[in-house]
Every structure is written in structure tokens, then in C-alpha cells.
A.B. asks: 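Quick one: the structure is below, questions incoming.
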Amino acid sequence: MGACALAPKSRNFIMTHAYRSHKCGDLRAQHAGSETRLSGWVHRVRDHGGVLFLDVRDHYGLTQVVADPASPAFKIAETLRSEWVVRIDGKVRVRLAGTENKDMPTGDIEVYATEIEVLSQAAELPLPVFGDTEYPEDIRLKYRFLDLRRDRIHANIMKRGSIINSLRRRMVDQGFFEFQTPILTASSPEGARDYLVPSRVHPGKFYALPQAPQQFKQLIMMSGFDRYFQIAPCFRDEDARADRSPGEFYQLDIEMSFVTQEDVFNAVEPVLRGVFEEFGNGLPVTQKFPHIAFKDSVRWYGTDKPDLRNPIKMQNVTEHFAGSGFKVFAGMIANDPKVEVWAIPAETGGSRAFCDRMNAWAQQQGQPGLGYIMYREEDTQLVGAGPIAKNIGPERTEAIRAHFNLHQNDAIFFVAGQPSKIYKFAGEARTKIGQDTNRIEQNCFKFCWIVDFPMYEWNEEDKKIDFSHNPFSMPQGGLDALNNQDPLTINAYQYDIVCNGVELSSGAIRNHRPEVMKKAFELAGYSEEVLLEKFGGMYRAFQFGAPPHGGIAPGVDRIVMLLCNEPNIREVVLFPMNQQAEDLLMSAPSSATPKQLRELHIRLNLPEN
RNA sequence: GCGGAAGUAGCUCAGUUGGUUAGAGCGUCGCCCUGUCACGGCGAAGGUCGCGGGUUCGAGCCCCGUCUUUCGCGCCA
């Protein structure tokens, strides 16, 4: 470190700084014999009566300080407690032979204290900094400043910062430019619930915090800029999940002009791959992200965010069951042309115990059960066992085996029904089978693009067509498709990046043609008036020469979660809110004063109790 | 809004079938200890068992309600 290389050995220089000549991670054997001044927190005290050890910690590291009765600092040293803040003057010396600590970078030396000044005392700790015990969330959040002193989360937050720096550098290196978009803006009628901010100047009117800078980044393209990015705060008033902060989160927001979908992929893929290679502790990262159509992803993996570390790929095996002796499936297929049978191969799952366990699990999930065939060797022949194999007969059993190239002691499970009703359960079964047969690859980052999302979906509740994702996406086939195709069959130039089953980002090539946009909204039941009223600024901009453009927005918090190997987003956020969207440290949200409310022309109408 | 789990000392947890004075480790306080790095030893303080109600001769334990935290569902274009 620079400081240690520059620090001269003269005592005079050391005393020119009030708090430190070195940081707590600086000192090495080469410094032995020199004077030093350290400041930091008392991490741990080991008092042997005649000799006393203090581990002194700062942001940079830990140094062992020693005092004995011969030292003038001894009396004060004996009074020190955990997390007090101290300034230590002393002499660096090599530790006695055999007492070095190989686990500490500074473990070859210690500082013999000659003077100790207590800079701050600490009350009894509600949350110990030392050690790696788990603590309840509310205490950690209330005393976040103590929690953040702890190793793991301190390192996570630093890693987060480094990752964001790296993302910025990689974007800038590719010719992107960072823009700032407004925080106080207009409510957008689609999507998540908005956070509203009352206007003092305009009684009864409200700003909204942006759910994402979506419209702004498109307007930046229409304003003649190109290659926008921003580490953008986004605000959504929706409930939390382990991987979803309530209230606010950050996106690497990106938009580019004159691009096709491939151009966006080529810009973003190296950034993510690079950052995962840089910060992923050397774990292998997918080199070329495969493209998987939304439709295929659902059929193969039962989800639009597949975990490709799980090698299991489902297949449609309806033909093997149509007209077969397994009457349950055969009957379903005969009665409803939409019914399909999906098969989930389970290598090494061919034991009665495993299949029964899966079946019981399925019933616990509210399913009638989970049919299966087990393959076993009998008289050098591979045969199928279990009720289904008996019912469909050896020929079909063998055809299914051959289709999946199954071997002895493998099994295969079946789910039947309309795809839209079974895909979710089938996906869960795939995950469970992968986990329970130990087939999920560990220690790697498996990426893919999910492409060709449907433009619309059927809203069963309101009996109408809805935008399935982003209403600003360009439909594949353009106006022609909107005019002539069944809307539910139209795909959009809309895509997601998925890593290890985590949806990292979604993006789209935008709809930049006003007539296409008008038609697209019309199909979802919105008139031009609504379009003008809700998206007036952007719709107007489309009338004055909008470039073709598109973008994407990877979620920064989730990237950091994956790279820190943390299952909970609060472990990678400095000052997170709890699940009820409360900041227990700052006590937010809190009541407003009557004066504040009066200025804002707000009268409260609180619920009972 | 709904469902699962948890709530016992400052902190992490144990607590048997409902039965005497609710325990341990860490921390705190006091005493001892000259080579520890999870230092060690002796001792002490520290509890409305989340809260309210019920059942019972008797409740940390059983029942009902409620609050808090968390995980999931809904929600998140």
C-alpha cells in the first residue's frame, strides 16, 4: 500500500498526523523497529494479566497491539472494551518465534503500545461485530452501522462498489455515456404501484418517483443522443422478496439508437460476462449466451427464467401416450386437443424410494401425483418398471427410453394437462428432481438470453388482451402483424438475460413508429386519447423523427447478489428496508407534522385502529 | 390481502409428558493469570418466556386472539 511505502521512519513525521501513520492492514516484518500510530476499533481483547493483546481494526485490516506492565499505556489498555475507538502509538516489532499468525496479513508483527488515547467509547453491543453468528434481521437493520462493521457484509458492500465501477468502465469503454434522469417525475399508469410525492405548488397534484427511467431513456434517443447508460435508481411500491428490495433498487439502464436486437446483445453480453469473470472468484462463465425462445424455455424448463446449471430438459411425449393403455393420460388427450404430456428425465432416479418420494411431494404440491417409469436391467434387458410401464406396454416404454437415451437405474416422470396449466408445476418438478439427484452443477455462472416474448397475453379475469411485458416493445412483423395476425400469436422484440435461474434484466427493441404504437395500444384496449394523456411526452416525440432504438436494464442488486453468493438482497445493500418497507435505522416512513401537511394541502383519512 | 416458520437474559440458543428455584455459550461487571489470536480460571449481575385472554390445582410448554420478524403466494408493464 502507498501509505506504508511512503511513511518515513522518523518519529517526527509520525506525530504530524493526529490519528495515523499507518492503516491497520499495512504493517509487515519490514517495518519492525519503526514507530507507528494506528487508529481503529478495538476488535477483540485478550487480557492475560501480565500481558494484554488488542486486535485493532480499521477498514483496511487488523493489527495485534501488545501491552505489558512496563508500558505506560498498560493502565489504559486494561480498560478497553470491544468497539471502543482508540489511537495507539507504539513500536512495530516482529512477533516471538512460534507466535506468528499465518491467517492474518499482519500476522508476522505486532505493535508494542507506548501510548493509547480513547477516541470514543462504545455501549454494550446489541450486535457483536466479532464472530460470524447470524442475527435477527430487525436488530441488524436497526444497528446497521454495527452490522456493516462485520467482515462479510463490509466486504459485500465494497464488492458492490467495485462491481458498479467495473460496469461503468466497461460501458464507457464501449462508447456509452452516462446521463442523469429526473427523480421527481410523472406517474405512469402501467406496471407497478408508484411512490407519490405531493406537490406544494400545485395543490392536489403529485409527482411520482420513476419505476425506471424508461420513457426518459427513450426520449434521450429521440433527442439525438446515442448509447445512454445510467446506474439508475428505480422506485416501485411493491412487496419485497428475498431477491427484491421493497421500494428502491438499481439498474444498469441502457439504451441505444439505430440498433437491432443483436446489436443490444453484442453490447451487453461482454459487459456482463466480463464483470462475472472479474468478480466471480474464477468460476466459469458462459462464453456465448445461448438464445432460447420464450416458448421453448417454458416447454423445456417450465419457466421463463431457467437455471441451466440443471441439465434436465423436458420434452413433449404426448404421442407416446395418445391411445395408450394408460387410460388417465390417454383419456385426457382424447378429450382435449390442447392436452400434452411432458416428460422429465431423471438420471439415477430409478429407485422405488425416490419415485415414491417425488410422488408424495407432488401430492403435497396439490397435484394428483407424479407418474413415472423406472428403467432396470432384467436378464441383460433394460425394462421399464412401475404402473405406467405396465399400462402402456413394453413397446412404448422402450420408445420413451430410446427418446431420452435412459439407462439402468434412471427414471422418467410425466406431467399431463394443458401446457398453460402444467408448466409451472413441471418446472418445479424439474428443479426438485435436479436437486434431489444431485445433478445441479455448482460453482459456475450459466447465462442465457430468453427471446421472442409474446407481445400480448389473455387476461382471464377481465376477458381482454393485455400487454404481456413492455407496451413500448416493437412487435415482430410490425404494423402488418398487428393488423392481420391473432394478437396472441405476435411476438415482440423483447428479451431477458437469465443467470443461474435469476432474471437479471429485461429489455426490448422499442416501438418508434407512432402508427404502430397507436395500433398496439388499440389492441390492448387503449384509445389514442389514453396514449396521449398517459404517454403524451413520448408519443409526441414519436411524431418528430424517432430513431429506431432499443435497450436493456440489468439489475445491479441481483448481479451483486450472484457475485457475492448471497441469497438475500439485504446482504448487498448498505441501508436496506425490511420486508414492510420500513427503514429501522432512520425510522422511515414517519409521520408528517401538521405544518407540513397543511403546506401540502393534505388531510389524512386513516384507517380504523 | 393470504399461507408457512420463528419470537425464552444485551446477543445466539436449549428447555423432556403441563409440575419445585427457567439453563448454557458469548457479552457485561469483579477477582486471578506474561504469548494469546474463539486465550484460560473463579465469581456475580442480568428474565413480565413478544403481548392479551382462556383451559388447568398448576402453563415457557395446550387453546384462541394479537403484534413483530422472516420465507413464499398475490403483486413486481
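A, B, ... follow the sequence lines: proteins, then strands. Residue 1 opens every chain.
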A.B. asks: Which residue is it: A:Y456, A:F542, A:F467? I am looking for the one with a ring-ring contact (aromatic ring centres under 6.0 Å, His included) to A:F521.
C.D. replies: A:F467
A.B. asks: Is the closest side-chain heavy-atom distance between A:L219 and A:T181 below 4.5 Å?
C.D. replies: no
A.B. asks: It should be established whether A:R46 places a side-chain nitrogen or oxygen under 4.0 Å from OP1 or OP2 of nucleotide B:U36.
C.D. replies: no
A.B. asks: What does A:N568 touch in the nucleic acid at a heavy-atom separation under 4.0 angstrom: a base, only the sugar-phosphate, or nothing?
C.D. replies: sugar-phosphate
A.B. asks: Sticking with atom C1', work out how far B:A6 lies from B:C13, rounded to a whole angstrom.
C.D. replies: 13 Å
A.B. asks: Pair A:M222, A:H512 - check side-chain contact (heavy atoms from CB on, under 4.5 Å), show working.
C.D. replies: CA-CA 9 Å; A:M222 292 176 225; A:H512 69 284; over 6 Å; no
A.B. asks: Taking only N and O in the side chain of A:Q64, is any of them less than 4.0 Å away from OP1 or OP2 of B:U36?
C.D. replies: no
A.B. asks: Tell me the partner of B:A9, counting only Watson-Crick (N1-N3 plus N6-O4 or O6-N4) or G-U wobble (N1-O2 and O6-N3) with both under 3.5 Å; none if nothing fits.
C.D. replies: none
A.B. asks: State which of B:U34, B:G72, B:A38 makes the closest approach to the side chain of A:V51.
C.D. replies: B:U34
A.B. asks: Specify the separation, in whole Å, of atom CD1 of A:I139 and atom C1' of B:U8.
C.D. replies: 13 Å
A.B. asks: Rounded to whole Å, how long is the line connecting atom CG of A:D239 with atom C1' of B:G1?
C.D. replies: 9 Å
A.B. asks: Can you tell which of B:G72, B:C33, B:C39 lies closest to the side chain of A:D47?
C.D. replies: B:C33
A.B. asks: Using the closest heavy atom to pick a nucleotide of RNA chain B for each, name whichever of A:K424 or A:P69 lands nearer the 5' end.
C.D. replies: A:P69
A.B. asks: Are side-chain heavy atoms of A:Y539 and A:E528 found at a separation under 4.5 Å?
C.D. replies: yes
A.B. asks: From A:N156 CG over to A:L574 CG, what is the distance, rounded to the nearest 0.5 angstrom?
C.D. replies: 11.0 Å
A.B. asks: Respond yes when some side-chain nitrogen or oxygen of A:N101 is under 4.0 Å from OP1 or OP2 of B:G35, and no when none is.
C.D. replies: no
A.B. asks: For A:L127 and B:C26, what is the distance between atoms CG and P respectively, to the nearest whole Å?
C.D. replies: 18 Å
A.B. asks: Between B:G4 and B:A9, how far apart are the P atoms? Round to whole Å, please.
C.D. replies: 26 Å
A.B. asks: To the nearest angstrom, how far is A:M104 atom CE from B:U36 atom P?
C.D. replies: 15 Å
A.B. asks: My understanding is that a pair needs two contacts under 3.5 Å, Watson-Crick or G-U wobble. By that rule, which nucleotide pairs with B:A38?
C.D. replies: none
A.B. asks: With rounding to the closest Å, how many angstrom separate the C1' atoms on B:G30 and B:U66?
C.D. replies: 43 Å
A.B. asks: Could you tell me if A:K464 sits above the aromatic ring of A:Y526, with its cationic atom closer than 6.0 Å to the ring centre and no more than 45 degrees from the axis?
C.D. replies: yes
A.B. asks: Pick the C1' atom in B:G58 and in B:G41, then give their distance to the nearest Å.
C.D. replies: 41 Å
A.B. asks: Using the P atom as the point on both nucleotides, what is the distance between B:U28 and B:G23, in whole Å?
C.D. replies: 23 Å
A.B. asks: Looking only at atom types and distance, does a side-chain atom of A:S297 sit under 3.5 Å from a main-chain N or O of A:T303, one as donor and one as acceptor?
C.D. replies: yes
A.B. asks: Rounded to whole Å, how long is the line connecting atom CG of A:D466 with atom P of B:C76?
C.D. replies: 10 Å
A.B. asks: Is there, by distance only and without an angle test, a donor paired with an acceptor across the side chain of A:R44 and the base of B:C37 below 3.5 Å?
C.D. replies: no
A.B. asks: For B:A59, give its Watson-Crick or G-U wobble partner with both distances under 3.5 Å, or none.
C.D. replies: none
A.B. asks: Please measure how far the P atom in B:U56 lies from the corresponding atom in B:G1, and state the result in whole Å.
C.D. replies: 35 Å
A.B. asks: Counting heavy atoms from C-beta on, name the nucleotide in B:C75, B:C37, B:C29 closest to the side chain of A:D55.
C.D. replies: B:C37
A.B. asks: Return the 5'-most residue of the pair A:E110, A:Q214 with respect to RNA chain B, ranking by each residue's nearest nucleotide.
C.D. replies: A:E110
A.B. asks: Can you find a donor-acceptor pair, distance only, under 3.5 Å between A:R93 side chain and B:G35 base?
C.D. replies: yes
A.B. asks: Within this structure, what is the CD-to-C1' distance between A:Q580 and B:C71, rounded to whole angstrom?
C.D. replies: 12 Å
A.B. asks: When the distance from NZ of A:K102 to C1' of B:U36 is rounded to whole Å, what number comes out?
C.D. replies: 16 Å
A.B. asks: Return the nucleotide paired to B:U28: Watson-Crick means purine N1 to pyrimidine N3 with N6-O4 or O6-N4, wobble means G-U with N1-O2 and O6-N3, both under 3.5 Å.
C.D. replies: B:A44
A.B. asks: With sugar-phosphate meaning primed atoms plus P, OP1 and OP2, does A:R81 contact a base, only sugar-phosphate, or nothing at under 4.0 Å between heavy atoms?
C.D. replies: sugar-phosphate
A.B. asks: For B:C37, does either OP1 or OP2 sit under 4.0 Å from a side-chain N or O belonging to A:R57?
C.D. replies: no
A.B. asks: According to a cutoff of under 5.5 Å between the ring centres and under 30° between the ring planes, does A:H48 stack with the base of B:U36?
C.D. replies: no
A.B. asks: Considering only heavy atoms and no angle criterion, is a donor-acceptor pair shorter than 3.5 Å present between the side chain of A:R95 and the base of B:C37?
C.D. replies: yes
A.B. asks: If we take the P atom in both B:G27 and B:C62, what is their distance in whole Å?
C.D. replies: 33 Å
A.B. asks: Categorize A:E582 for me: base, sugar-phosphate, or nothing, with a 4.0 angstrom heavy-atom threshold over every strand shown.
C.D. replies: sugar-phosphate
A.B. asks: On the side chain of A:R244, is there an atom forming a donor-acceptor pair with the base of B:C75 - under 3.5 Å, no angle test?
C.D. replies: yes
A.B. asks: Which residue in the set A:Q218, A:R510, A:Q214 passes side-chain hydrogen bond (donor to acceptor under 3.5 Å, both in side chains) when paired with A:E255?
C.D. replies: A:R510
A.B. asks: Given atom CG of A:D138 and atom C1' of B:U70, what is their separation to the nearest angstrom?
C.D. replies: 10 Å
A.B. asks: OP1 or OP2 of B:G72 sitting under 4.0 Å from any side-chain N/O of A:Q579?
C.D. replies: no
A.B. asks: Considering every strand and a 4.0 Å limit on heavy-atom distances, what is the contact class for A:F53: base, sugar-phosphate, or nothing?
C.D. replies: base
A.B. asks: Check every strand shown and say whether A:R570 touches a base, only sugar-phosphate, or nothing at a heavy-atom separation below 4.0 Å.
C.D. replies: sugar-phosphate
A.B. asks: Under a 3.5 Å limit for both distances, which nucleotide forms a Watson-Crick or G-U wobble pair with B:G3, could you say?
C.D. replies: B:C71
